[in-house]
Amino acid sequence: MLTVSSIGQTKSFPSNIKEEIVTYTADGVTFKGFIAYDDNIQGKRPAILVVHEWWGLNDYTKMRARKLAELGYIAMAADMFGDGKIAVNPTEAQEFTTPFYKDPTKAKSILDAALMKLKEYSQTDPNNIAAIGYCFGGYVALNYAKLGAALKGVVSFHGGIGGAPVDKKLLKAKILVCQGASDKFVSQKVAEDFKHQLDSIGADNTLKIYANATHTFTNPDATKIGKEFNMPIEYNADADRDSWNDMKTFFGRIFKK
């Protein structure tokens, strides 16, 4: 068996990725999450909570969880809508996500329950947990941190910015924000203003801006989806690669050996 010493590194050994569908309950609603980990690695390892785009916990989100498992983490893609619901168009996606934008605290109990489920796994190091999120999921993950979640770090990829105020007494996590320079939904100025807010309370934070990248730049299906629904989104392979590498560097810094 292999040990956790290789986590986050390029591996020369084959992975044995185990995948499981798990359920958890919050506020009387049952949610269906997705967990992935490398069974060839022995011992506890840092854990990553993955929060989906506004479409729901689809194959793209599961792919990201698998990639994190291949890096040696245990990853859980959280379901935010209940019963694994997936939106089929922007109107439905907006219907599912609007309550979270109206009430930034709404996601906390759901993520708390997801985190409890993740901690049940013997592979999870409860002292080294982070969250990442995409688009809507970036907004959710950042707010979870701002509301005091006991996370080592949060990474937002082309995420929404806003919601709960920045509070030095509550924020425990280190922050990495990855934004596209050509994002029509979250401008570079909005991202920079958020960084200034974090700087003002002495928070450990990094803002990365990727040239020629739009909203949803990490999703290989973004260009097709953008054309289908007339949305200003495109996949950007360079920004996808660079932001993923920035995340890996960030995790290497925040997790204790």
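Everything quoted here is computed from the prediction, not taken from an experiment.
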Give every donor-acceptor pair under 3.5 Å between a side-chain atom in residues 83-93 and any protein atom, sequence neighbours left out.
{"unit_1": "D83", "atom_1": "OD1", "unit_2": "K32", "atom_2": "NZ", "d": "3.4"}
{"unit_1": "N89", "atom_1": "OD1", "unit_2": "T91", "atom_2": "N", "d": "3.1"}
{"unit_1": "N89", "atom_1": "OD1", "unit_2": "E92", "atom_2": "N", "d": "2.7"}
{"unit_1": "E92", "atom_1": "OE1", "unit_2": "V88", "atom_2": "N", "d": "2.9"}

Is a donor on one side and an acceptor on the other found under 3.5 Å between the side chain of N143 and the backbone of A164? yes
Let me check something: do L111 and F81 share a hydrophobic cluster, defined by ILVMFWY side-chain heavy atoms less than 4.5 Å apart, either directly or through other members? yes
Report the residues that fulfil side-chain contact (heavy atoms from CB on, under 4.5 Å) with A211, sequence neighbours left out, ordered by chain and then residue number. none
Distance from C135 atom SG to W54 atom CH2, nearest 0.5 Å? 9.5 Å
Between CD of E20 and OG1 of T23, what distance do you get to the nearest 0.5 Å? 11.5 Å
Does G159 offer a backbone N or O that forms a donor-acceptor pair with the side chain of Q179 under 3.5 Å? yes
Could you note down all residue pairs passing salt bridge (Lys or Arg N to Asp or Glu O under 4.0 Å) where residues 157-184 supplies at least one of them, sequence neighbours left out? none
Mind jotting down which residue pairs meet the side chain to side chain donor-acceptor pair (under 3.5 Å) criterion with at least one end in residues 93-103? Sequence neighbours excluded, please. D103-T105
Please verify the inter-ring angle class for Y134 with Y60; under 30° counts as parallel, over 60° as perpendicular, anything in between as tilted. perpendicular
Would you check if F136 and H52 make a side-chain contact, meaning some heavy-atom pair closer than 4.5 Å? yes
Side-chain (D38) to main-chain (E70) donor-acceptor, under 3.5 angstrom: no
Separation between CE of M231 and OG1 of T223, rounded to the nearest 0.5 Å: 12.0 Å
To the nearest 0.5 Å, tell me how far T216 OG1 sits from I225 CD1. 7.5 Å
Closer than 3.5 angstrom, by distance alone: can the side chain of T124 be matched with the main-chain N or O of L118 as a donor-acceptor pair? yes
Rounded distance (nearest 0.5 Å) linking atom CZ of R253 with atom CG of L176: 8.5 Å
Hydrophobic cluster mates of L57, side-chain heavy atoms under 4.5 angstrom, ILVMFWY only, any path? I21, F34
Nearest 0.5 Å, please: how far is CG in N58 from CE in M63? 9.5 Å
Considering non-hydrogen atoms only, spot the tightest contact between M80 and I110 and give its length. O-CD1, 3.7 Å
side-chain contact (heavy atoms from CB on, under 4.5 Å) involving Q123 - partner list, sequence neighbours excluded: Y37, R45, I74, Y121
V154 vs I132, test: side chain to side chain contact (heavy atoms under 4.5 Å, CB included). Steps then yes/no. CA-CA 6 Å; V154 164; I132 71 172; over 6 Å; no
With sequence neighbours left out, what residues match S109 under side chain to side chain donor-acceptor pair (under 3.5 Å)? D27
Search all heavy atoms of K146 against all heavy atoms of L170 and return the closest pair with its distance. O-CB, 3.4 Å
Return yes when atom CG of N245 has more than 12 non-hydrogen atoms of other residues, nucleotides or ligands closer than 6.0 Å, and no otherwise. yes
D246 vs T249, side-chain hydrogen bond (donor to acceptor under 3.5 Å, both in side chains): CA-CA, chis, key distance, verdict: CA-CA 5 Å; D246 287 334; T249 299; 5.3 Å; no
Are F255 and L49 connected into the same hydrophobic cluster when the rule is that any two of I, L, V, M, F, W, Y join if their side-chain heavy atoms are below 4.5 Å apart? no
Can you list every salt bridge (Lys or Arg N to Asp or Glu O under 4.0 Å) pair that touches residues 109-119, not counting sequence neighbours? K108-D112, K117-E120
Using the ring of each side chain (for Trp, its six-membered ring), is Y24 parallel, tilted or perpendicular to F31, with breaks at 30° and 60°? parallel
For V190, the side-chain contact (heavy atoms from CB on, under 4.5 Å) test, sequence neighbours excluded, returns I161, V186, S187
Any donor-acceptor pair under 3.5 Å linking the side chain of K208 with the backbone of V177? no
Kindly give the heavy-atom pair with the smallest separation between V50 and A75, and that separation in Å. CG2-CB, 4.5 Å
With sequence neighbours excluded, give me every ring pair (Phe, Tyr, Trp, His ring centres under 6.0 Å) pair touching residues 219-248. W55-F229
Sequence neighbours excluded, the answer for side-chain contact (heavy atoms from CB on, under 4.5 Å) partners of D199 is K195, H196, N205
Under a 4.5 Å cut-off applied to non-hydrogen side-chain atoms, are L142 and I175 in contact? yes
Might you point out which heavy atoms bring S156 and G138 nearest each other, and give the distance in Å? OG-CA, 3.5 Å
Show your working on side chain to side chain contact (heavy atoms under 4.5 Å, CB included) between L198 and V166 and close with a plain yes or no. CA-CA 7 Å; L198 292 172; V166 172; 4.1 Å; yes
Run N236 and Y210 through side chain to side chain contact (heavy atoms under 4.5 Å, CB included) and show every step you take. CA-CA 9 Å; N236 186 307; Y210 306 95; over 6 Å; no
Tell me whether the centres of the aromatic rings in F185 and H158 are closer together than 6.0 Å. no
Minimum heavy-atom distance between S15 and N40, given as atom pair plus value: C-ND2, 3.8 Å
Any side-chain heavy-atom pair from F251 and Y73 closer than 4.5 angstrom? yes
Say whether Y144 and V155 are linked into one hydrophobic cluster, either directly or through other cluster members, by side-chain heavy-atom distances under 4.5 angstrom. no
Joint hydrophobic cluster, L171 plus F194, side-chain heavy atoms closer than 4.5 Å: yes
Mind checking whether E19 and I35 have side chains closer than 4.5 Å, heavy atoms only? no
One pair to check against ring pair (Phe, Tyr, Trp, His ring centres under 6.0 Å): Y139 and F100. What are the steps and the verdict? CA-CA 9 Å; Y139 165 85; F100 295 93; 8.5 Å; no
Would a hydrophobic clustering, with Ile, Leu, Val, Met, Phe, Trp and Tyr connected at side-chain separations under 4.5 Å, put I209 with M247? no
Please list, chain by chain and in numerical order, all residues satisfying salt bridge (charged side-chain N to carboxylate O under 4.0 Å, His left out) with D240, sequence neighbours excluded. R64
How about NZ on K62, more than 12 heavy atoms from neighbouring residues, nucleotides or ligands closer than 6.0 Å, or not? yes
Minimum heavy-atom distance between S243 and T218, given as atom pair plus value: OG-CG2, 3.9 Å
